Each structure stands twice: as structure tokens, then as C-alpha cells.
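First comes the structure, then the notes that go with it.
Bear in mind that the values here come from a model prediction, so they are computed numbers and not experimental data. Throughout, a chain's letter reflects where its sequence line sits, starting with A, and its residues are numbered from 1.
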Amino acid sequence: MVLSPSSVDVPDAPVAASSREPVIETKNLTKQFRRVLALDNLNVEVPPAAIGLLGPNGAGKTTLIRILLGLSNPTRGSASVLGMDTASDGVRIRERVGYMPESSVLPSNATAADFVGHMAEMSGLPKVAARQRAADVLYQVGLDEERYRLISGFSMGMKQRVKLAQAIVHDPQLVFLDEPTAGMDPPGRDSMLELIARIHTRMGMSVVLSSHILEDIERVCDFVMIINGGKLIMAQPIGKAREDMGEIVVRIDGDVDQFIGKLASLGVHDVRPGGTAQTSPFPDVIVRHTSDDVYDAIRDAAADMQLPIRTLRSRVHSLEELYLQAIESGDAAAGGEHGS
Amino acid sequence: MAADAAGAFAPPQPEQSFGEVYDRGYQHYEGQRLGRRQAFWALTVYSMKRALGSKKRWTAKVVPALMYVAIGLLVAIPLGIRAFVDELSILEYWDYFDFTYVILAVYLASVAPEMLCNDRRENVLPLYFARALTRADYLMAKLLSTTLLTLTVTLLPMGIYWLGQQLLEDSPLPAMKDNIGDLGRIIVLCVVVSLFLAAITLVISSLTGRKSIAAAGIVLALLVLPVISFGIAESGVSDRAAGYALLFNPIALHGEFAYGLFGERSANEEIAHIFPTEVYGGVMLIAVALCCLVMFWRYVQSD
């Protein structure tokens, strides 16, 4: 079969997002269940991206997803998805959004093609188009040959692919994936992550990936949102988060305490002694990289004290370190700062 | 591959290639999106097909198929007898539900649990509720599918029976014109009773995720309730108390409604006459509303 050149997409070329309008926006979003405050005054704007949603159990991730899908109403505040209000436009949002739950949700005695096609119709696609889309999407997730087999005979990995296929069969703009690699073996997990990355980069869909596996999020996502105890701890591009929460190691030829005092006088307070490395006679000073102005302060402090700087390097944290720092600090104010 | 003059095989030249394969990539969907209406009808049709065993193993098709055969025979045999023995009618319109009640009960015990139990047991509901419909739409689609399926064993055979009766007349067309009122009564009767039976059997199915328990509950409700009700009516209580007992009896409800619609006298007339026909129809519709409320309570969460 020869397709016209216009119908052939370019491998690995990221599809440009049609708009940089936020896909998710919340304003003072609060959800109170009898005695439990599930979401507490959440303010966030999330651009089109592959978004990692992180938080410990009970942090409010599932409640947030339910509200964003229009399945639950906020107690206070508002949320919008793709520019539509979740409280009043739930059905329209769900036409344009896909959802892959964590739990086992597939009927056993239906074929993959039949079920995925049915789910496309349930999203409003006409019958013939739904059947075609089901075949296309099952091909995309690697179940082309098996699509007429009963789901009951599928392995765990194949079932996860069917769940993913039903989430994207109606070509949504945004897909919520709840623990998509849960229970999968390493090769299966690997190919599932590749698929998720393709959904964002080649299919042009924004993805919200809720997972406990930080490595998965680090591998697939370019934006991270951390919530804890219903509060937003962080919401920003992963690269920027690493920079902002990174550290600068300064190795000086002089008195550490005086240098720290000088930095404090220049407004840099998040500084601590870093000890002396075995390979060097000079002591280290660790400065928190809160902004690029910190570099200027280090330069000015060293110049004022006429201290030679032997080494100046930044230390970037892994997502796991970022996550642990964010959770431990539990700083609600940080959420407000990074919220938009 | 082409052989050259020396007999050696030469590789194919580019211009000789007869086809090329491209990665078909991902195609965005740019067609129609019909929204909630399409989702509602898709669920209705899919539920009907699945309940009849479509695209399932043959064992799932056995019970509905047998019930259709049984209903077909119950209509065909009286028509056949009527064809040979004029003036002998062994099945009257108002008796249809009495004749077919057990078959209807078994049919509904096989169909109604398929509507709700599998979705609950296999946890498919989160996928449905994340689609372009509401929980209320889901329940209404299930009620509509069950009612439509019930109509295939009530209205369809009765309609065929009515048509057969007219065709056996000496002048079929004038007979149809004369008896069109009966057809109207058949439609009203079948729609109300089918809706009533669908709602009762669905509400029982909504209480459990196990099809076998739901099926047993349906058979129990449809067959034991009448026994209790008739038992009370026959136990020497006052006519009024016996009349109220009939209101809890599915057989008596649609029976008295049918007799009333066709202007016939029922076997229970001594006690049934205390309520007009409309009351029996009304009670069935109130039962439908109550069943819907219970299902909403089960499925529609307050938050």
C-alpha cells in the first residue's frame, strides 16, 4: 500500500502543540469529604506537555483526576480542562479526554477490537469511524494481530495495551494515565513507556501520568506536578525544577564561615559548609540554587574577600531527590510560588 | 528477480519495483463527533447485543434463543389451530401474559443480569463513566435496552398474532381496519408491562455483581411474589385487603390491566374490581419510578 506523502508522518518529529493554552487550570480548588480535606486551595496552570503527577498515597491525586474528568464537583474553587469548566461541561470534557484507570477494567468475554470500538462509540464517534479507529489504534499499540482474540486470553501487558488503546481511540487532546505500568515485567514496562512517550511526541496528545515510579515519570514526562496532603508542592517543567532545587558547590581557598557570612550579607542565606574533599585541601561551600542571581552573589563575595575560587559547579538532583525534598519540606508556600 | 543472458540473477532495478511500504504513522481523527446522543444509543444497542450473546460463546445464546422458540410456538400453535378450526381461539390478547409469564420470567432472568452485573463485576464502570455520558444516561440506556428486548417477546409476538388473526379472516383488510383498536391496546399493554418488568428485573440485577444471584432473585421475585399475593387473597382476608395484595403481584397487575384495557372480566374480579384499570397501570409506572430511584441511589454518587 502506498500512501500519499501527506499522510505519512515523520518519525520522531514531535507534533507541535496546537496551542500553548493551559490544558489544566485550577483556581482555589478545594475538595472536602466529611472529615478529610482531599484538595486544599489548589492553584495551578499546566501547559500542553507530558505531565507527571506525583504524590504519596492519599495525596489527592485520584480526587484531582476525578474532578478534572468532571466526575466529582469541587467543594470550592473551580477547575477547567481544555478551557472547559469541569463542573458544567463534564460530558464535553470527557469527549475530548482519555482515561486509563489503574485497576483491571476490561470485560473478559469481548474481543479487543469489539471493546475498543465500542469505547470509541461511547466517546461520540459514529459506528464506522469507531471501528476504523479501533483497528488503527490497536495497530499503534502493537495489538494488530491479536485484535480479534478474547481479552480473557491476554497477558497482563496486552491488557494494559488494550486499556491504553481505549483511552486514545477517540483521539483525545489530553489523556490521564493512572499507574499504567503497575504490575508489568521490566520489558513490558519498557515498551509501555515507549508507547506513552510516542502518544505525546508523535500523536501530539498531552499526557497526565500518575505514577509512584519516579523513574517512569523521569523518562516520559517534561513537566512535573507534586501534591501532598491536598496541597500543591510543585508544578513546573522538570528541567527547571532541577535547576531551581539544585545546588552550587563552591570550593574556596579561604575561611568558610567568613564566606558564608559575606554571602548572607549579599542576601544569600541558604548556604552550608560542605566539608573538605579527600582529593582537595580546599573546603567546599554548598549554596542552594534559588535563582541565577546566586552566581553573581558568589562572584561578588569572592571578589570582595579576595578569595580565589578553586571550583564552581552545579549539582543537579534526580527526580527522586526532588520529590523527597518537596515532600519532606511540605511547604505549601512553595506550591503558591511555583503554581503558575 | 530477472535472469540476465548468462543465466545469473541480477538485483531488481529501482524502476522495476512494484510497490513501496510506508509506515502509516498516526492519523488524527477529523470526522464527526456526535457526543452524548451517540454514546447513549451505542450503549443501548451494545447492551442488547451482548445480552443476547452476540460475539460470545454459543452457550450465552442458548437461553434467549430457546425462549424465542418457545414464544414463537406459543403464538404459532394457536394461529395454526385457528387456521384449521374457524371460530376457535385458544389465545386471547388479554391472556397473553398469563400464557407466557414463566417464559418471560426465564427470559428476563437471563437478559437483565447481563445488562448490569458484568459491568459491575468486571469493573468496567469507570471506563463508561469517563466517557461522553452521565451515570443517569448509563442507567437509562440499560433500562431502554432491557425494555426493547422485553418488547421482542411481548409486542413483537402479540403484533404477529394480531396480524395473523386478521389475515385468517375472510376479508383481511376490512378486518384490520375494524380491529385496529385492539392493536393500539396491545401496544399500550406491552409497552407498560415491558417497562415494568424491565425495571423490576434491572433493579434486582443492580443489587449484585453476580449474574447467577441476580437471575435467582429475578425468578424468585417474579414467581414467588404472585404465590404470596394470591395466598393472601385466598386466605379469607377482606376483599379490600385482598385487593391491595394484588397490587404487589406482577401477574395480577398486568393481568388486571390487560382485562381492563380489553373490557374483559378477570377471574379475580370480586377482589380486583375495587380499583379501576388505571390504578393497575399506574401502580406499574410507580414501580418503574421507584426502581429507577433505587438504581440511581446505587449508581449515582452524591459528590
Side-chain angles (χ1 to χ4, degrees), chain A residues 1-3 5 7-11 15 31 33 66 69 71-73 75 90-92 94-101 103-111 114-115 118-127 129-130 132-133 136-137 139-140 163 166-167 169-171 176 198-199 202-204, chain B residues 17-47 49-50 53-60 114 117-138 141 211 300-303:
Chain A
M1 181 175 61
V2 179
L3 302 175
S7 66
V8 180
D9 71 2
V10 183
V15 176
K31 180 70 184 179
F33 295 107
R66 280 180 55 77
L69 283 169
L71 299 174
S72 177
N73 285 329
T75 311
V91 171
R92 279 180 58 219
R94 294 196 293 273
E95 274 180 46
R96 292 292 185 163
V97 164
Y99 175 50
M100 175 184 175
S103 53
S104 167
V105 287
L106 299 175
S108 51
N109 58 0
T111 65
D114 193 32
F115 182 68
H118 174 53
M119 283 292 127
E121 282 190 79
M122 293 301 300
S123 294
L125 269 60
K127 188 173 182 179
Q132 286 172 350
R133 284 286 307 172
D136 282 354
V137 166
Y139 166 80
Q140 295 291 338
K163 277 163 64 177
Q166 66 78 31
V169 69
H170 52 300
D171 194 23
F176 290 97
R198 260 166 52 88
I199 287 174
R202 292 184 64 182
M203 301 184 189
Chain B
S17 64
F18 48 83
E20 287 177 77
V21 177
Y22 289 100
D23 174 5
R24 71 185 183 200
Y26 179 75
Q27 312 283 314
H28 281 283
Y29 177 70
E30 286 165 3
Q32 280 183 300
R33 290 182 190 266
L34 304 174
R36 190 173 173 182
R37 182 170 46 99
Q38 166 68 6
F40 184 87
W41 283 112
L43 182 59
T44 304
V45 173
Y46 187 77
S47 302
K49 284 183 178 174
R50 300 293 291 175
S54 167
K55 297 187 180 175
K56 287 185 182 176
R57 292 190 182 90
W58 66 270
T59 48
E114 289 284 346
C117 295
N118 277 349
D119 289 351
R120 277 183 89 87
R121 192 163 184 211
E122 297 186 318
N123 199 24
V124 188
L125 292 176
L127 292 187
Y128 278 124
F129 296 152
R131 300 279 155 178
L133 83 173
T134 63
R135 287 167 186 249
D137 292 339
Y138 173 85
K211 282 193 288 185
V300 182
Q301 291 178 358
S302 58
D303 66 340

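Contact of B:Arg121 with chain A is not made at all, since no heavy-atom distance falls under 4.5 Å. Heavy-atom distances place no part of B:Arg37 under 4.5 Å from chain A, backbone and side chain included. Of the atoms belonging to A:Gln166, heavy atoms from both backbone and side chain fall under 4.5 Å from chain B. Neither the backbone nor the side chain of A:Arg92 comes within contact range of chain B, judged by heavy atoms closer than 4.5 Å. Contacts between A:Ala167 and chain B at a heavy-atom distance below 4.5 Å involve the backbone alone (N, CA, C, O).
Under the salt bridge (charged side-chain N to carboxylate O under 4.0 Å, His left out) criterion, A:Arg94 pairs with no residue, sequence neighbours left out. Legend: residues meeting salt bridge (charged side-chain N to carboxylate O under 4.0 Å, His left out) with B:Lys49, ordered by chain and number and at least two apart, are absent.
Among B:Asn118, B:Asp137, B:Leu127, B:Val124, the residue making the largest number of heavy-atom pairs under 4.5 Å with chain A is B:Leu127. Chosen from A:Lys163, A:His170, A:Gln132, the residue pairing most often with chain B at heavy-atom distances under 4.5 Å is A:His170. Interface remark: of the candidates A:Gly90, A:Ser103, A:Ser108, A:Pro101, A:Ser108 forms the most heavy-atom pairs closer than 4.5 Å to chain B.
Chain A is approached within less than 4.5 Å, heavy atom to heavy atom, by B:Tyr29, B:Gln32, B:Arg33, B:Leu34, B:Gly35, B:Arg36 from residues 29-36 of chain B, ordered by number.
Residues A:Val91 and B:Thr134 share a closest heavy-atom pair of CG2-CG2, 3.9 Å.
For B:His28 (side chain) and A:Met203 (main-chain N/O), a donor-acceptor pair under 3.5 Å exists by modelled atom type.
In summary, the side chains of B:Tyr26 and A:Asp171 do present a donor paired with an acceptor at a separation below 3.5 Å, with no hydrogens or angles considered.
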Side-chain donor-acceptor pairs under 3.5 Å in residues 119-127 of chain A, sequence neighbours left out?
{"unit_1": "A:Glu121", "atom_1": "OE1", "unit_2": "B:Gln38", "atom_2": "NE2", "d": "3.3"}
{"unit_1": "A:Ser123", "atom_1": "OG", "unit_2": "A:Met119", "atom_2": "O", "d": "3.3"}
{"unit_1": "A:Ser123", "atom_1": "OG", "unit_2": "B:Arg131", "atom_2": "NH1", "d": "2.7"}

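Separation of atoms NZ (B:Lys55) and OG1 (A:Thr111) is listed at 6.0 Å; rounding is to 0.5 Å.
The aromatic rings of B:Tyr46 and A:His118 sit parallel to each other, their planes meeting at less than 30°, with 60° as the upper class boundary.
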